[in-house]
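Below is one structure, written out as structure tokens; comments come after it.
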Amino acid sequence: MSVIATFVLAVMALVGRQQPSVAQQRPASPAAVNASILLYHRFGPVVKDEMTVRTATFRSHLDYLKQHGYQIVPLRTVVAHLLGKGPAPPARSVVITVDDGHASVVTELLPLVQEYHFPVTLFIYPSAISNASYAMKWDQLATLLHTGLFDIQSHTYWHPNFKTERKRLSADAFQSFVTMQFTKPRVVLTSKLGVDADMLAWPFGIYDDDLIARAHEAGYVAAFTLDRRPVTASDRMLALPRYLVVDSDSGRRFASMLPPDVPSR
Ligand SMILES: [Zn+2]
């Protein structure tokens, strides 16, 4: 056997021994996917802060999607397919997610959802609900669920900055803190709304390998970043990318966030 062949075999043996961590395991044959996940926060008549998209701007996004043959699909459809548990989403699929549970979801977004009839996934942090003045109330979230067009999922318990908390807390205290932030919203969302919150939006888009492993332990099957690209079959389930949309994202800027015509593998 040549020296090169011996070397190749040795490398293959080494690679073969490296098992992916359980959080990184994927179905044996990764599915093609062609979808962009959009992220909104607040809606209103005027841009009060950088996270507010004017309701008229959002309506123009919906019109653009409709006119150009995009289909708004539930986030669950994309996740189920990536997990090998469901059919492929249609070509040119777009997912609408809305983080933070702001009151304008009811006053501004809900009328448009009823008019255009599209699915939305909300990522909320339960500590704010029926508590913070800017947030929705539990009965409003129940009303949204009854429309059949909303899914409600976890954005941790109180939206911490994990980088700051890791510096502030001891290693043990940080581990307990992370466990609480991941497990409590699942318990609360089940008891308040009867939903199984097994999807997580990373607060501030902050995640790392340790947090991913912990989120997996807490029972999450998918988690979402702010990594600004379409979803591909090679993305990690607990770091699926989303596009943060702001009010100035219209026309070409909006179009640039939509999925390519050729599915990514
Ligand atoms: Zn947030």
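Note that ligands are numbered from 1 as they come in the structure, with each ligand's atoms numbered from 1 the same way.
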*Share the residues that join V47 in a hydrophobic cluster, the rule being Ile, Leu, Val, Met, Phe, Trp or Tyr side chains under 4.5 Å apart at the heavy-atom level.*
none
*asked:* Checking D100 against Y40: is there a side-chain donor and acceptor pair closer than 3.5 Å?
replied: no
*Can you run down the side chain to side chain donor-acceptor pair (under 3.5 Å) pairs that involve residues 62-71, sequence neighbours left out, and say none if there aren't any?*
D63-Y116
*D49: side chain to side chain contact (heavy atoms under 4.5 Å, CB included) partners, not counting sequence neighbours*: R42, M51, T52
*asked:* Closer than 3.5 angstrom, by distance alone: can the side chain of T190 be matched with the main-chain N or O of V195 as a donor-acceptor pair?
replied: yes
*Protein N/O/S atoms under 2.8 Å from the Zn ion (ligand 1): how many?*
3
*Does a side-chain N-to-carboxylate-O contact under 4.0 Å join D235 and R229?*
yes
